[in-house]
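We number each residue from 1, following the sequence as shown. FYI, side chains are in, hydrogens and waters are out, and symmetry mates aren't considered; it's all heavy atoms of this structure. Please read these numbers as outputs of a predicted model, since none were measured by experiment.
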Amino acid sequence: MRHRFHVRDVLDFKHSNNDSVLLVRRGDYDGCRAASPVRRLVGGGGGGGDTKFTLDRPGLFYFISDVPARCEAGQRMVVRAADARDDALGAPTPAPAPAREPAPGGTDDEPSGTPPSGDRPIPAPFKLFVAAFLGFISGCFLAGFIVWLCMNCRRR
């Protein structure tokens with residue numbers, strides 16, 4: 001969460017020869033399933049794994065170890081790549097996702113270009129405005145109710 005990634009950034013994975021990095025769908029990431037990766041990232045040879053991956057689009061990328069026990073132990077990560085123009089404007093705005101056919105089986109859990117619109121965070125100033133407005137309305141209702149009670153109690 002504390003690192004910002006952008007389109008065209010290069011991730012450099014260091015791993016042993018008996019492991020590899022998989023780019024997977026969200027469902028496979030959540031379940032540490034390595035059977036059908038979107039892409040298997042192969043090292044450059046030598047004594048250990050040295051795999052480079054270029055973030056080629058904005059959106060979420062799901063990476064896991066191809067060894068399920070290692071994935072379940074935490075060797076996995078999600079990277080969100082922002083478009084370079086997002087920083088120039090001050091706040092990230094999702095680009096429209098490319099149209100594609102649903103995945104076999106009826107689920108569309110491919111790594112997407114952007115998160116669903118429901119996943120976008122609500123800006124803090126808007127949250128503060130809503131809280132203040134609700135507080136004001138509640139206060140007015142309570143004050144009105146108290147005045148109504150006082151007026152009705154005096155009549156009896």
Side-chain angles (χ1 to χ4, degrees), residues 1-140:
M1 293 299 293
R2 60 180 187 242
H3 298 288
R4 296 183 63 95
F5 296 97
H6 299 93
V7 174
R8 293 185 300 280
D9 281 353
V10 177
L11 305 178
D12 189 3
F13 295 97
K14 306 280 187 195
H15 53 87
S16 64
N17 279 338
N18 61 349
D19 196 1
S20 60
V21 178
L22 304 177
L23 175 64
V24 297
R25 295 170 188 83
R26 179 171 181 178
D28 291 338
Y29 173 86
D30 292 337
C32 285
R33 290 185 297 270
S36 58
V38 173
R39 185 169 162 196
R40 181 177 300 272
L41 307 178
V42 181
D50 183 12
T51 305
K52 295 187 186 304
F53 180 80
T54 302
L55 302 172
D56 58 355
R57 58 170 173 77
L60 298 174
F61 294 84
Y62 300 93
F63 298 98
I64 65 171
S65 167
D66 74 340
V67 179
R70 289 183 181 156
C71 176
E72 291 165 3
Q75 287 187 358
R76 60 181 173 166
M77 73 175 186
V78 178
V79 172
R80 181 183 302 246
D83 200 351
R85 68 174 181 222
D86 293 342
D87 280 343
L89 298 175
T93 54
R100 64 180 187 276
E101 294 295 318
T107 61
D108 187 17
D109 61 350
E110 289 285 332
S112 66
T114 60
S117 61
D119 287 352
R120 290 178 35 206
I122 299 172
F126 182 75
K127 289 180 185 178
L128 292 173
F129 171 77
V130 169
F133 179 74
L134 290 175
F136 176 75
I137 295 298
S138 298
C140 289

Out of curiosity, [X] [atom1] to [Y] [atom2], how far, rounded to the nearest 0.5 Å?
X   : Y   : atom1 : atom2 : answer
M77 : S65 : CE    : OG    : 12.5 Å
T54 : D9  : OG1   : CG    : 9.0 Å
Q75 : I64 : CD    : CD1   : 11.0 Å

Residues F63, L23; criterion side chain to side chain contact (heavy atoms under 4.5 Å, CB included); working and verdict
CA-CA 5 Å; F63 298 98; L23 175 64; 3.9 Å; yes
Main chain of S20, side chain of R40: is a donor-acceptor contact present, judged purely on distance under 3.5 Å?
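Side chain of R40 to backbone of S20: no pair is present.
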Main chain of V38, side chain of R25: is a donor-acceptor contact present, judged purely on distance under 3.5 Å?
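Checked: no pair found.
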Testing the basics here: between [X] and [Y], what is the closest heavy-atom pair and its distance to 0.1 Å?
X   : Y   : result
R33 : V24 : O-CG1, 4.3 Å
P58 : A82 : CB-C, 4.5 Å
K52 : D12 : NZ-OD2, 3.1 Å
R57 : V7  : C-CG2, 3.4 Å

Side chains of Y62 and D28 in contact at under 4.5 Å (non-hydrogen atoms):
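Counting from C-beta outward, Y62 and D28 never come under 4.5 Å.
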Would you please indicate yes or no on a ring centroid separation below 6.0 angstrom for F61 and F53?
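Yes - the distance between ring centres of F53 and F61 falls below the 6.0 Å cut-off.
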